[in-house]
Structure formats: C-alpha cells, structure tokens
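Ligands are counted one by one from 1 in listed order, and the atoms in each one are counted from 1 as well. This structure is a prediction, so every number in the text was calculated from the model and none was measured.
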Amino acid sequence: MRPRTNLRLFATLYGRLACSLMVVFIAIGAVMIVASQRMFETQRLFELVTNLVVGTVAFSLIAALVVFRFLTLRLRRLASAIEAFRTSGFVSPMRVDTPDSNDDEIGRIIAAFQEMSERIAMQLAQLAQADRQRRELLANVSHDLRTPLASMQGYLEMVLIKDDGLSQEDRCRYLQIAVKHCERLARLVRDLFDLTKLEANEVRPQVEAFPISELAQDVVQKFALGAQKRDLKLSASVSADCPPVCADIGMMERVLENLIENAMRYTPAGGEISVGVRRAGDRVELQVSDTGQGIDHDDIGNVFDRYYRADRGESSDAGNAGLGLAITQRIIELHGGRIRVESAPGAGTTFTVELAMA
Ligand SMILES: Nc1ncnc2c1ncn2[C@@H]1O[C@H](COP(=O)(O)OP(=O)(O)OP(=O)(O)O)[C@@H](O)[C@H]1O
Ligand SMILES: [Mg+2]
C-alpha cells in the first residue's frame with residue numbers, strides 16, 4: 001500500500017496549483033518589502049515602481065509557465081502513450097513512465113488509461129485466439145466429415161449403378177459399410193455438438209447421489225462382448241466401502257465409456273483393461289488402466305486437447321476424431337473433479353478421475 005504522508009493536500013492537482021501560486025506570491029511579497037524600504041528616497045520612487053511592475057509581471061509569467069509545464073508534463077506523456085497504443089493496433093498495452101503516478105487526478109487518469117489499454121489488448125488477443133480456434137475447428141470438422149461422407153456416397157452409388165449386377169451378399173455388404181460410415185458421422189456430429197455446448201457452459205449437470213461403483217460395473221458389462229471379440233480381458237474391481245458420489249449419471253456414464261473405449265482401441269489383442277473404483281480420503285477415485293501401447297512422453301501433455309490424436313497418421317481415417325478426452329475433461333471439471341493420466345510407452349496407460357463424495 002502507498003504510504004500516507006501529512007502532505008495530502010499536495011497530492012491533488014488543485015493543491016499543487018495552490019502551493020505553486022503561494023510560492024509566487026511570497027516571492028512577490030519579498031520583492032515588495034525590499035522595494036518599500038527604498039520608497040522614502042523620493043527621487044527613486046518612480047524608477048522603483050516601474051521596475052517593480054515589470055519585474056512582477058515577468059516573474060509571474062515565468063512562474064506560471066514553469067507551473068503549467070510541470071503540471072502538463074504527464075498529460076503530454078499520456079497523450080504520446082495513447083498515440084503509441086493506437087499505432088500498435090491496440091495490441092501492446094500503454095506504458096506511461098511517471099513517478100508517484102497514482103497520487104493526484106492526472107495520476108489516476110493515467111492509471112485508468114493503462115488498465116483500459118491492458119483490458120483492450122487482452123480482449124483483442126482472446127478474440128484473435130478464438131478466431132484461430134474457430135478456423136482450425138472448421139478445417140478439422142470439414143476434413144473429418146468429408147471422409148465418411150465420400151465413402152458412404154461411393155458405396156450407395158455403387159449399389160444404385162450396379163443394381164441387378166450385384167449379388168445379394170455384395171449389396172448387403174456395401175449397405176452395411178454405408179451404415180457404418182453413417183454411424184461414424186452421427187457420432188462425430190454428436191461429439192462436436194456436446195463439446196461445443198460444454199465449452200460454452202450451456203449444459204448444467206443434473207447432479208444426484210448415486211453409487212458410481214454400480215455404474216462402473218454396468219458400463220464394463222456393456223463393453224464385455226466387444227472386449228471378448230478383440231481378445232481383451234476387461235474387468236471391474238470395486239471396493240466394498242466405496243461411498244456414492246454426487247454427479248450427473250449420464251455424464252459419468254459418458255466419461256467411463258470414453259475411457260474404456262480408448263483403452264480398448266489402444267490395447268492390442270491379449271491385453272488387459274481394468275476399471276477400479278475406490279475411496280481415496282474424502283474423495284472417490286475412478287481408474288481405467290490398460291496394458292496397451294501407452295502414450296509418448298511428448299504427447300501426454302496434449303491428450304486432453306480438442307482434436308488431439310497422438311497417432312494422427314494411422315488413425316485419422318479410423319473414425320476417431322480426438323474429441324473423447326476433451327469432452328471427458330470438461331465433464332469432470334463441471335463436477336469440480338480432476339482427471340490425470342500416467343503412461344509408459346509400450347507398458348500401458350492409467351486414467352484417474354477424482355470426484356467428491358456425496
Ligand atoms: N488408453 C490410451 N492408450 C494410449 N493412447 C491413448 C489412450 N487414450 C487416449 N490416447 C491418446 O490420446 C488421444 C486422444 O484421445 P481422445 O479420446 O480424445 O480421442 P480419440 O480416441 O482419438 O477419438 P474420439 O475419442 O473422438 O473417438 C488418442 O488419439 C490417443 O492417441
Ligand atoms: Mg477416445
């Protein structure tokens with residue numbers, strides 16, 4: 001905090017002006033006293049009066065100029081800082097070098113201008129970033145929509161063109177492929193829609209207390225057949241004393257689905273996936289571990305980024321858009337929880353979600 005002094009009057013523009021004028025009048029008074037001592041020499045009276053008037057006018061003028069210059073110095077600095085801010089395209093905030101700049105009205109004006117320029121520069125930077133992200137998103141979305149759409153169109157046209165020349169078996173296969181691409185499109189559009197709503201804070205979780213261990217077992221059950229087909233061992237381990245959590249059931253189901261889906265996608269046949277729920281202090285911990293390919297050290301910090309795929313080259317056409325973990329993280333944040341990932345390339349990955357107990 002700025003130390004307060006007894007010279008508070010001097011800390012206002014009005015006070016400074018008054019002090020400066022006081023100095024000027026004291027000086028004029030002193031000159032008049034000296035002059036009055038010589039007044040009795042009558043022959044010099046006229047000469048003295050003339051000198052006194054000229055001297056007083058000149059002194060007052062110079063003093064007024066000095067005072068005016070002193071008082072407007074910071075205003076001139078402020079004006080050139082505003083000009084520099086304008087020529088920078090409003091991107092670099094103003095810097096006005098004035099000591100004790102907050103002490104009087106001009107100081108407060110300068111501080112207010114500096115704060116305003118910082119806000120304007122920050123908001124412009126945010127706008128530019130939002131615009132960049134929007135363009136990136138559009139580019140990614142159009143790429144991801146184009147691939148399944150083109151395949152779907154190709155297979156459907158083939159069914160139409162060949163019509164009678166196609167065996168029943170081939171027709172069925174082509175239509176199945178078209179349906180698969182259609183599902184992929186629907187999923188991508190759903191994920192994009194959900195993520196946009198989550199990021200815009202347009203969804204409010206419908207929280208209620210429920211046993212998350214039961215939900216975990218249900219979701220594991222749902223994936224059991226798929227895991228079996230891929231020769232993966234999928235299991236759930238739930239501790240008996242696990243308390244319920246207060247959360248949105250649908251959203252938590254989505255979190256579990258995303259994490260288990262990832263584990264299955266990135267774990268080769270013969271691997272193991274385990275889903276665990278337990279109490280950790282005053283929180284509930286949910287873990288999805290796999291013995292899969294793991295995530296490289298360089299990629300691990302980015303996996304929660306929207307559209308990030310560590311193996312972009314291979315999987316860009318495999319139907320995954322890189323939205324699952326971004327959605328998952330946003331859901332967990334909405335519940336005031338935390339999500340973290342530990343991984344060792346070639347050894348496996350563990351995602352841990354912490355939620356508050358009900
Ligand atoms: N269990 C895991 N093992 C190895 N890598 C993983 C695992 N989970 C996620 N990743 C890496 O993190 C990236 C981002 O995951 P995310 O779930 O966001 O996207 P995705 O699975 O590629 O696509 P989507 O979930 O939208 O279908 C993945 O592409 C993958 O490279
Ligand atoms: Mg995923």
Side-chain angles (χ1 to χ4, degrees), residues 133 136-148 151 180-199 216 219-220 222-223 226-227 230-236 251-276 286-334 338-353:
Q133 282 180 346
E136 223 172 79
L137 182 76
L138 269 178
N140 285 330
V141 170
S142 41
H143 171 265
D144 283 350
L145 291 180
R146 208 170 42 212
T147 318
S151 304
K180 214 180 92 202
H181 285 301
C182 199
E183 283 168 359
R184 183 178 151 187
L185 265 181
R187 187 174 168 229
L188 178 65
V189 171
R190 181 203 65 173
D191 281 356
L192 268 173
F193 184 66
D194 290 350
L195 184 61
T196 313
K197 281 207 300 186
L198 281 166
E199 284 183 342
V219 178
V220 165
K222 202 158 80 180
F223 282 91
R230 293 176 184 212
D231 193 17
L232 292 169
K233 194 172 161 231
L234 174 63
S235 61
M251 287 189 179
M252 284 305 134
E253 189 174 355
R254 185 81 176 272
V255 165
L256 277 159
E257 282 172 1
N258 283 351
L259 295 179
I260 297 174
E261 234 171 55
N262 277 357
M264 284 174 57
R265 184 179 286 156
Y266 302 108
T267 303
E272 284 181 29
I273 297 161
S274 62
V275 179
L286 184 89
Q287 271 189 339
V288 178
S289 311
D290 63 62
T291 57
Q293 65 185 54
I295 305 168
D296 276 352
H297 190 70
D298 293 343
D299 293 315
I300 206 154
N302 303 318
V303 290
F304 293 106
D305 290 352
R306 184 192 330 148
Y307 265 107
Y308 193 83
R309 289 184 295 228
D311 50 355
R312 184 164 278 274
E314 290 164 41
S315 61
S316 57
D317 289 333
N320 49 326
L323 296 173
L325 286 180
I327 293 175
T328 303
Q329 188 185 42
R330 195 72 199 101
I331 290 177
I332 300 300
E333 280 172 0
L334 267 184
R338 276 200 303 254
I339 181 164
R340 60 177 195 276
V341 54
E342 287 143 287
S343 185
T349 305
T350 300
F351 282 92
T352 308
V353 174

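Looking at R309 next to ligand 1, no N or O pair under 3.5 Å apart turns up. Inclusion of Q293 in the set of residues having an N or O under 3.5 Å from an N or O of ligand 1 is not warranted. Of the N or O atoms in L323, one or more lie within a sub-3.5 Å distance of an N or O in ligand 1. Some N or O of Y266 is nearer than 3.5 Å to an N or O of ligand 1, by distance alone.
Without hydrogens or angle criteria, T291 side chain to E272 main chain gives a donor-acceptor distance under 3.5 Å. Between the side chain of D290 and the main chain of T349, a donor-acceptor pair closer than 3.5 Å is present. Judged by distance alone, the side chain of R184 and the main-chain N or O of P148 form no donor-acceptor pair under 3.5 Å. Between the side chain of S343 and the backbone N or O of G348 there is at least one donor-acceptor pair closer than 3.5 Å.
Counting heavy atoms from C-beta on, the side chains of V220 and L256 never come closer than 4.5 Å. Looking at heavy atoms from C-beta onward, F351 lies out of side-chain contact with T328 at the 4.5 angstrom threshold.
Comparing V341, T349, N258, L325 against atom 15 (O) of ligand 1, the shortest heavy-atom distance belongs to L325. Closest heavy-atom approach to atom 14 (C) of ligand 1 within the set Y307, Y308, F351: this belongs to Y308.
Listed by number with element, the atoms of ligand 1 under 4.0 Å from a non-hydrogen atom of G322 are 18 (O), 19 (O), 20 (P), 22 (O), 23 (O), 24 (P), 26 (O). Counting the atoms of ligand 1 from 1 in the order shown, those under 4.0 Å from a heavy atom of R187 are 27 (O). If you number the atoms of ligand 1 from 1 as listed, the ones under 4.0 Å from a heavy atom of G324 come out as 16 (P), 17 (O), 18 (O), 24 (P), 25 (O), 26 (O).
Checking N258 against the Mg ion (ligand 2), every N/O/S atom stays at or beyond the 2.8 Å cut-off.
Here the closest heavy-atom approach between residue V275 and residue A216 is recorded as CG1-CB, 4.3 Å.
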